[in-house]
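As structure tokens, the structure follows; a few thoughts come after it.
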There are 2 protein chains.
Amino acid sequence: MTAARSTRPAVRDLSERLAARGRRPTAQRLLVLEALRRTRHTVTAPELFELLREDHPLLGRATVFRTLDSLVDAGLAQRFERPGHVYAYAACSSDHHHHLVCTSCDTSFEIDEAAIASLTRGLEAQHGFTVHHATLDFYGLCSRCAGARV
Amino acid sequence: MTAARSTRPAVRDLSERLAARGRRPTAQRLLVLEALRRTRHTVTAPELFELLREDHPLLGRATVFRTLDSLVDAGLAQRFERPGHVYAYAACSSDHHHHLVCTSCDTSFEIDEAAIASLTRGLEAQHGFTVHHATLDFYGLCSRCAGARV
DNA sequence: CGGGGCGCTGATACTGAGGATCAACGTATA
DNA sequence: TATACGTTGATCCTCAGTATCAGCGCCCCG
């Protein structure tokens with residue numbers, strides 16, 4: 001597999017984020033990230049593996065799992081709950097880690113981080129707690145699905 | 001800081017909540033709920049099973065899994081992430097579903113729901129989204145652990 | 001420019017959380 | 001007391017996620 005030579009923002013972002021942790025922006029990682037960016041929906045690791053395998057039969061199963069973890073770790077993807085005790089993933093820009101997730105069509109929408117930052121600071125002050133990371137995800141129906149199922 | 005420690009309401013609460021769904025407040029369910037209330041920490045289903053089995057060797061494994069799901073469903077427990085892609089659980093009062101979780105000692109603290117309610121309403125208005133349920137959990141260090149690891 | 005360290009990959013086999021199933025049981029209502 | 005129905009525990013199964021490891025390729029340093 002050849003190394004990526006494009007200079008699109010996604011690539012630069014990934015490269016920087018990974019480099020900051022002594023990791024490499026490999027073709028596989030870009031592949032996974034771009035596939036994740038392309039779907040507007042949340043995807044489980046096995047789903048994404050099957051999806052990618054259609055075009056890239058060489059891609060390894062373990063690699064997809066590992067890569068998704070790296071992406072979450074690098075702040076470029078977010079983990080969600082799916083019914084049935086399964087994790088699903090969605091790409092997110094480096095500044096927006098929280099989402100509205102439609103439980104009907106699995107589409108995810110990014111949330112403006114400002115409101116949340118102030119909430120976090122309030123909680124830290126109130127409880128003497130040091131927040132490192134938060135899952136702050138809202139599940140429900142998007143306007144389209146809410147309308148469609150009246 | 002310690003959360004409210006009112007003892008008996010647990011049973012009434014469970015009964016009502018379950019009855020509202022045509023379900024029964026069985027001895028097993030109370031057992032699981034009380035064990036969950038007793039630990040101030042988050043616990044995984046297998047951990048809780050092992051814990052309960054010491055005193056109640058008859059208790060079935062599947063029952064613990066089922067019961068934890070019922071409790072979450074009834075709003076009396078909350079699911080969390082643990083490193084290693086595992087779910088952990090904590091009891092919560094019917095009105096407080098969101099927590100601060102210490103990643104060092106696994107203790108969980110309830111968050112006042114008022115601030116969150118207004119955040120939710122704002123998001124609903126802003127995105128035309130209908131929120132049914134939210135995971136709103138903050139992971140980090142509690143004051144004790146933050147102090148201890150200087 | 002050539003070797004060596006190290007991170008990454010893909011294949012395989014494994015682990016264990018959680019679910020499905022089902023006969024037996026308990027409890028509430030008729 | 002009889003009956004219906006939710007619940008339980010035992011067993012077996014599924015499959016998401018992990019560990020392992022040999023081979024490979026990038027990058028650094030001589």
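Protein chains get the first letters and strands the later ones, always in sequence-line order, with residue 1 at the start of each.
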Roughly, in whole Å, what's the span from [atom1] in [X] to [atom2] in [N]?
X	N	atom1	atom2	result
B:Gln28	D:dG9	CD	P	4 Å
B:Tyr87	C:dG19	OH	P	10 Å
B:Arg82	C:dG16	CZ	C1'	15 Å
B:Leu48	C:dG16	CG	C1'	17 Å
A:Leu18	D:dC26	CG	P	16 Å
A:Arg29	C:dG10	CZ	C1'	14 Å
A:Leu58	D:dG25	CG	C1'	15 Å
B:Glu81	D:dG17	CD	P	11 Å

Heavy-atom side-chain contact between [X] and [Y] under 4.5 Å:
X	Y	result
A:Leu18	A:Arg24	no
A:His127	B:Ser143	no
B:Ile116	B:Thr120	yes
B:Arg29	B:Thr63	no

For every nucleotide of nucleotides 23-30 of chain C, 5' to 3': is a protein heavy atom under 4.0 Å from its base (B), only from its sugar-phosphate (S), or from neither (-)? ---B----
Hey, which of these two, B:Ala27 or A:Asp69, hits DNA chain D nearer its 5' end, going by closest nucleotide? B:Ala27
Assign each of B:His85 and B:Arg23 the nucleotide of DNA chain D bearing its closest heavy atom; nearer the 5' end lies the nucleotide of B:Arg23
List the steps and the verdict of salt bridge (Lys or Arg N to Asp or Glu O under 4.0 Å) for B:Arg82 and B:Asp106. CA-CA 9 Å; B:Arg82 270 274 190 81; B:Asp106 278 328; 3.5 Å; yes
Between [atom1] of [X] and [atom2] of [Y], what distance do you get to the nearest 0.5 Å?
X	Y	atom1	atom2	answer
A:Leu123	B:Leu136	CG	CG	9.5 Å
A:Leu52	A:Glu47	CG	CD	12.0 Å
B:Ile111	B:Cys92	CD1	SG	11.5 Å
A:Phe138	A:Thr103	CZ	OG1	14.5 Å

Cationic tip of B:Arg79 above B:Tyr87 ring, under 6.0 Å, 45° of axis: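 Judged by the rule (NZ or CZ under 6.0 Å from the ring centre, within 45° of its axis), B:Arg79 counts as positioned above B:Tyr87.
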Is A:Glu50 salt-bridged to A:Arg53, cutoff N-O under 4.0 Å? yes
For the helix from C:dC1-D:dG30 to C:dA30-D:dT1, measure the angle between the helix axis at one end and the axis at the other, each built from five pairs, rounding to 10°. 40°
Just to be sure I understand the geometry, which residues of residues 59-67 of chain B put a non-hydrogen atom under 4.0 Å away from DNA chain D? B:Leu59, B:Gly60, B:Ala62, B:Thr63, B:Arg66
Go nucleotide by nucleotide along DNA chain C from the 5' end; which of A:Gly84 and A:Pro57 gets its closest nucleotide reached first?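 On the 5' side of the pair lies A:Pro57.
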Tell me whether the centres of the aromatic rings in B:His133 and A:Tyr139 are closer together than 6.0 Å. yes
Answer yes or no: does a side-chain N or O of B:Thr26 lie under 4.0 Å from OP1 or OP2 of D:dG6?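 Checking D:dG6 against B:Thr26, no side-chain N or O comes under 4.0 Å of OP1 or OP2.
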